[in-house]
Amino acid sequence: MEKVSIIIPAYNAEKYLEQCLDSVCEQTQTYKNIEILIVNDGSTDSTGKIIEKYASKDSRIQFFHNENHGVSYSRNYAIEHSTGTYIAPVDSDDIIAPGYIEILVQMIEKYHAEMAATGVVKEKDYNPTDFSKGVTEVFKGDQATAQLWGKYEGFFGGKIYLANLIKQHSLRMNEKAAICEDLLFNVEYMKYCDTAVFYSGKQYFYRQVSNSATYNLKNLKWFSVLKTYRVIMEELKDTPSYNTAANAYLMTLTEARYRAHLLKKEHPELERKVNRELKRMSPQMKNFSGKEKIKFFLSMYFAAPVMAYHRRKV
């Protein structure tokens, strides 16, 4: 039984951290060989005390109290201190199903894969009945990369990785990327993968938080996603996955256009910048499927109701 390093960055996480740690510590009922690395990223609430309380009862927990550097720094710090064969990221407000680690390890070993992922529940409030069973699918080569915009998406959570592959190639979270840094990491990781395996059963609860940069429509930090996407497309240039990423970027630009319009009074240059980028990327539309063309049209010209629909669970 190989060791799994579960890495958890935590910043002012007192509201949900105990739920998260309960779900992680209970993994031993189905998979015993784990270490739990928690990085307290300069929290100013009771996060540190909660971590220490759990560590006093569970010797598998290692914790680190750092100054505030951001979630990417904390994830990188945990990776560098991990000793497991596998790395399984979990965010401090998320929850994993009782057999989550066992399922991931079984899949990655059975199919000799470099990455394994499960389905994800995306809701504001946790309900254990949302966890579900599913079927397994195996993806090879460029199809494995393309599924970062498909079956298993680009989240860091909901997946398990080979620690030696990460460390051998010095793969780390980009600490300058504020949005989609996990997607960028996965794109870089998949360059070294032959096989990825996906279990459609939802085994990871991803908490939708309304005050995050992603869901605050007037948060300027969100626009860093455009720079991150340009890096991603450069990484995928001359690969079959380029069109998949470019199509997703073009759809992201429609959201950026709507957000920039909301900020037009305070930041008029932002809308002009987004419109120029939309024009530059518009030839990419020739690669759209019929369904993608409809989604693009709706997002461009009916942005408000489309955004409201996507945010309905937050």
Side-chain angles (χ1 to χ4, degrees), residues 11-12 41-42 68-76 122 148-149 153-156 172-188 208-239 241-288 292-314:
Y11 174 71
N12 288 352
D41 186 34
N68 180 251
H69 293 286
V71 65
S72 291
Y73 177 93
S74 297
R75 286 168 171 168
N76 290 339
K122 299 181 214 174
L148 294 173
W149 290 273
E153 303 182 69
F155 303 120
F156 202 37
R172 296 294 185 272
M173 286 282 171
N174 186 327
E175 294 173 23
K176 294 180 180 179
I179 306 292
C180 279
E181 71 284 354
D182 43 1
L183 174 60
L184 175 57
F185 174 89
N186 279 312
V187 166
E188 293 173 338
Q208 306 271 28
V209 182
S210 59
N211 62 353
S212 69
T214 302
Y215 292 99
N216 182 348
L217 292 176
K218 291 190 174 183
N219 191 319
L220 283 172
K221 184 189 294 187
W222 181 90
F223 289 90
S224 69
V225 70
L226 305 184
K227 183 177 180 180
T228 304
Y229 251 107
R230 288 194 291 272
V231 175
I232 287 169
M233 289 191 296
E234 185 64 27
E235 290 279 348
L236 295 175
K237 189 168 61 175
D238 301 323
T239 74
S241 297
Y242 175 84
N243 280 334
T244 304
N247 288 359
Y249 177 49
L250 195 49
M251 293 301 301
T252 301
L253 283 169
T254 65
E255 181 176 347
R257 179 174 179 263
Y258 177 65
R259 287 172 178 262
H261 182 72
L262 295 178
L263 291 163
K264 185 176 182 178
K265 185 176 180 180
E266 301 92 335
H267 303 279
E269 78 290 347
L270 197 55
E271 189 172 39
R272 291 193 293 268
K273 180 180 177 181
V274 171
N275 283 332
R276 284 196 301 270
E277 188 68 358
L278 264 167
K279 185 177 180 180
R280 185 183 75 85
M281 288 297 299
S282 60
Q284 182 64 29
M285 284 188 64
K286 69 179 185 294
N287 297 304
F288 275 10
E292 286 172 326
K293 288 178 181 177
I294 293 171
K295 286 174 64 178
F296 181 81
F297 176 82
L298 291 173
S299 297
M300 279 287 287
Y301 300 107
F302 300 93
V306 169
M307 291 291 292
Y309 174 78
H310 287 305
R311 293 156 58 84
R312 67 195 186 280
K313 294 181 180 180
V314 181

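Since this is a predicted model, take the numbers as computed values, not measurements. Residues take their numbers from the sequence shown, with the count starting at 1.
- At least one donor-acceptor pair under 3.5 Å links the side chain of Asn186 to the backbone N or O of Phe155.
- One N or O on the side chain of Asn76 and one on the backbone of Met173 form a donor-acceptor pair closer than 3.5 Å.
- Atom CZ in Phe297 sits 12.5 Å away from atom OG1 in Thr254 (nearest 0.5 Å).
- Glu188 is listed as a side-chain neighbour of Glu235, based on a closest heavy-atom distance under 4.5 Å.
- Distance check, rounded to the nearest 0.5 Å: CZ of Phe185 to CG of Leu148 gives 11.0 Å.
- With contacts defined as side-chain heavy-atom distances shorter than 4.5 Å, the pair Glu181/Phe156 does not qualify.
- Between Met233 and Met281 the shortest side-chain heavy-atom distance falls below 4.5 Å.
- Looking at residues two or more places apart in sequence or on another chain, you find no ring-ring contact (aromatic ring centres under 6.0 Å, His included) involving Phe302.
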Please list, one pair per line, the donor and acceptor atoms closer than 3.5 Å that link side chains of residues 267-275 to other protein atoms, with sequence neighbours excluded.
residue : atom : partner : partner atom : Å
Glu271  : OE2  : His261  : ND1          : 3.1
Asn275  : ND2  : Glu271  : O            : 3.3

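- Classification of Lys237 and Glu234 as a salt-bridged pair holds, one side-chain N sitting under 4.0 Å from a carboxylate O.
- To the nearest 0.5 Å, atom CG of residue Asn219 and atom CD1 of residue Ile179 are 7.0 Å apart.
- Atom OG1 of Thr252 is separated from atom CZ of Arg257 by 15.0 Å, given to the nearest 0.5 angstrom.
- Asn247 places a side-chain heavy atom less than 4.5 Å from the side chain of Phe288.
- Residues Leu263 and Leu220 approach most closely at CD1-CD2, 3.9 Å, considering heavy atoms.
- Between the side chain of Arg172 and the backbone N or O of Arg75, no donor-acceptor pair lies under 3.5 Å.
- Atom OG1 of Thr228 and atom CG of Asp182 lie 10.0 Å apart (nearest 0.5 Å).
- Using a 4.5 Å cut-off on side-chain heavy atoms (C-beta onward), Tyr242 and Asp238 make no contact.
- Put simply, the side chain of Arg259 never gets that close to the backbone of Phe223: no donor and acceptor are under 3.5 Å apart.
- Rounding to the nearest 0.5 angstrom, the gap separating the OH atom in Tyr258 from the CD atom in Glu255 is 10.0 Å.
- Side-chain N or O atoms of Asp41 include none that pairs as donor or acceptor with a backbone N or O of Tyr11 at under 3.5 Å.
- Heavy-atom minimum distance, Val306 versus Ser299: CG1-OG, 4.0 Å.
- Ring geometry, Tyr229 versus Trp149: the interplanar angle falls from 30° to 60°, so the pair is classed tilted.
- Checked by atom type and distance alone, the side chain of Ser224 pairs as donor or acceptor with a backbone atom of Lys221 at under 3.5 Å.
- The salt bridge (charged side-chain N to carboxylate O under 4.0 Å, His left out) test applied to Arg280 returns Glu277, not counting sequence neighbours.
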